[in-house]
Amino acid sequence: MLFKVRYLLLFTVNLWLFFLSFTSIADVNAETYSLNQEEILVSQLHRSVDRGLLNEIKENGLASIAGAVAAATVGVSWEGVGNIIRDGIHSGNPLSLDFTVRALLKGTTMGAMAVISRAYLKTPFDLLSRPLAWVGYKHQQVSDWVYHKETSAELSEKYAEFFNPVAERLTRQVELVFDIPTYYWTISLMDMGAPNAFATSGYNIGIYHSIFPLAKSQAGMACILGHEMGHVLAKHIGQRISDLIFMNVIAVSSIPFINAISQNHETQADEIGAYLTALAGYDPSECSKVWERMTTFAGDRREIVNIFMSSHPTNTTRKKALNELGEQLQEYYSNRQEKLGLGLEFTL
């Protein structure tokens, strides 16, 4: 009887969370009317970075619960896999299917806990991840030093002349808005292969030299660097650590839902990057053009394939979202006293 009551209570709570995921959230605050445009933009940036529970439910609630239910009902039978390895392909079933009420309630509960932990436990999980993140970041730096020749002094100076003013402006804006000192950030330029950039918890960012031509301008680089700073500010690494606990991220059946959550994080980081770009004085409309150049360089995936194959949205999706956001930010940007436009253009 106690077992039934417990699961009934859990089911009631999760049903409430599920319905809340469809609830629209009023972002407009009464104080907004008394704020100037920059204060409004800063307020929007804060909301983009610091998602509360209702926002997390709205953005990722359905994917979290669906992914956890899928993992609880369709998984891998390790006993079946062992039988196949030992006795041949016809000796066992590698899939574990469990469509009982208990499995459904377990999945729903774990999905709801994943949503709650992303909203309320991202900071402690982010702190816990920092030692391992530091090791991973140092490994990238050492790998870059081992596998690639040292960049010439002349070329290093060109990279620095183009990049450093962007980094200084963005870290300064983060200090002003979030009270995070500029010296907290460690930003390394690396000679690794394909055009890319990455961030870890603990304010560590790596930018590959190969992405500079695709950034093309300092405004484009601000979008890229701002995106990586967005991951750090939103504590996405901490949220992914919590997902390891509350969601079965290795279950094949949950892959589309895990990817959907990760893609949402990328969209959130793109949004934060565009806000930081505008606040730093660069033209935020350049952010969508970065993804035009990315598509020209590397092509793009079909949407239906991408949800199964990638933790990142398609270039087309990102370009469209950033184009819309860039248009919204133009009112603020056009009225700024200090406008840097595209800044310097990158040339070798």
Side-chain angles (χ1 to χ4, degrees), residues 24-52 54-55 58-59 123 162-185 187 197 199 203 205 215-236 265-291 318-345:
S24 61
I25 299 166
D27 288 328
V28 178
N29 189 302
E31 296 177 0
T32 298
Y33 295 105
S34 64
L35 301 177
N36 63 37
Q37 285 186 322
E38 182 154 331
E39 289 171 331
I40 291 171
L41 190 63
V42 168
S43 176
Q44 290 171 337
L45 174 57
H46 271 288
R47 284 200 297 269
S48 182
V49 168
D50 300 318
R51 283 181 179 170
L54 292 183
N55 255 326
K58 180 184 176 183
E59 297 293 339
T123 298
F162 177 82
F163 181 80
N164 287 353
V166 178
E168 288 167 8
R169 281 185 167 270
L170 264 66
T171 54
R172 177 59 180 157
Q173 283 302 317
V174 170
E175 182 175 46
L176 291 172
V177 175
F178 297 101
D179 199 28
I180 297 172
T182 57
Y183 62 82
Y184 272 31
W185 297 92
I187 304 173
Y203 308 102
I205 292 174
K216 192 176 180 180
S217 65
Q218 287 182 317
M221 181 55 72
C223 298
I224 293 168
L225 178 59
H227 169 92
E228 299 305 333
M229 295 174 82
H231 281 307
V232 176
L233 294 171
K235 298 181 172 65
H236 285 158
H265 286 169
E266 295 298 326
T267 301
Q268 182 186 10
D270 280 346
E271 185 177 303
I272 295 167
Y275 283 132
L276 290 174
T277 297
L279 287 169
Y282 296 107
D283 187 350
S285 66
E286 186 68 7
C287 294
S288 64
K289 294 171 186 172
V290 169
W291 288 103
R318 299 176 83 161
K319 181 178 72 173
K320 181 180 177 182
L322 285 168
N323 187 54
E324 292 174 359
L325 181 57
E327 290 176 358
Q328 294 170 23
L329 291 173
Q330 279 306 307
E331 181 181 0
Y332 159 78
Y333 186 71
S334 61
N335 291 316
R336 271 184 65 102
Q337 289 186 344
E338 182 192 27
K339 291 192 284 288
L340 300 174
L342 300 182
L344 297 175
E345 184 173 345

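Treat the numbers as computed from the prediction; the structure is a model and nothing was measured.
What you find for Leu340 and Ala280 is that their closest heavy atoms are CD1-O, 3.8 Å. Heavy-atom minimum distance, Ile224 versus Ala197: CG2-CB, 4.1 Å. Closest approach of Ala278 to Leu329, counting heavy atoms only: CB-CD1, 4.4 Å. Closest approach of Val232 to Ala199, counting heavy atoms only: CG2-CB, 3.8 Å. Counting all heavy atoms, side chain and backbone alike, Leu344 lies closest to Phe162 at O-CE1, 3.4 Å. Scanning all heavy atoms of the two residues, the minimum distance from Ala274 to Cys287 falls at CA-SG, 4.0 Å.
Applying the salt bridge (charged side-chain N to carboxylate O under 4.0 Å, His left out) test to pairs two or more places apart or on separate chains, those with a residue in residues 269-280 are Asp270-Arg318. For the salt bridge (charged side-chain N to carboxylate O under 4.0 Å, His left out) condition, the pairs that include at least one residue of residues 274-288, sequence neighbours left out, are Glu286-Arg293.
Without hydrogens or angle criteria, Thr277 side chain to Gly273 main chain gives a donor-acceptor distance under 3.5 Å. For the pair Gln330 (side chain) and Glu327 (backbone), a donor-acceptor distance under 3.5 Å is absent. Side chain of Gln268 to main chain of Ser48: a donor-acceptor pair is present (N/O by atom type, distance under 3.5 Å, no hydrogens or angles).
Ser334 meets the side chain to side chain contact (heavy atoms under 4.5 Å, CB included) test with no other residue; sequence neighbours excluded. When the side chain to side chain contact (heavy atoms under 4.5 Å, CB included) test is applied to Lys339, the partners found at least two apart in sequence or on another chain are Tyr333, Arg336. With sequence neighbours left out, the side chain to side chain donor-acceptor pair (under 3.5 Å) criterion links Thr267 to no other residue. With sequence neighbours excluded, the residues satisfying side chain to side chain contact (heavy atoms under 4.5 Å, CB included) with Asp50 are His46. His236 pairs by the ring pair (Phe, Tyr, Trp, His ring centres under 6.0 Å) definition with His231, His265, not counting sequence neighbours. Partners of Gln44 according to the side chain to side chain donor-acceptor pair (under 3.5 Å) rule, which considers only residues two or more places apart in sequence or in another chain, do not exist here. Considering only residues two or more places apart in sequence or on other chains, Glu228 meets the salt bridge (Lys or Arg N to Asp or Glu O under 4.0 Å) condition with none of them. Qualifying side chain to side chain donor-acceptor pair (under 3.5 Å) partners for Asn335, counting only residues two or more places apart in sequence or in other chains: Gln37. Judged as a ring pair (Phe, Tyr, Trp, His ring centres under 6.0 Å), and not counting sequence neighbours, Tyr332 has no contacts.
Between Lys289 atom NZ and Asn323 atom CG the span is 8.5 Å, to the nearest 0.5 Å. Rounding to the nearest 0.5 Å gives a distance of 10.5 Å between CD of Gln218 and CD of Glu345. Atom SG of residue Cys223 and atom CD1 of residue Ile272 lie 13.5 Å apart, to the nearest 0.5 angstrom. Rounding to the nearest 0.5 Å places CG of Leu225 at 10.0 Å from OH of Tyr282.
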Can you list, pair by pair, the side-chain donor-acceptor contacts under 3.5 Å of residues 172-185, counting residues two or more places apart and other chains?
unit_1, atom_1, unit_2, atom_2, d
Arg172, NH1, Glu175, OE1, 2.6
Gln173, NE2, Leu279, O, 3.3

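A heavy-atom distance below 4.5 Å is found between the side chains of Ile187 and Thr171.
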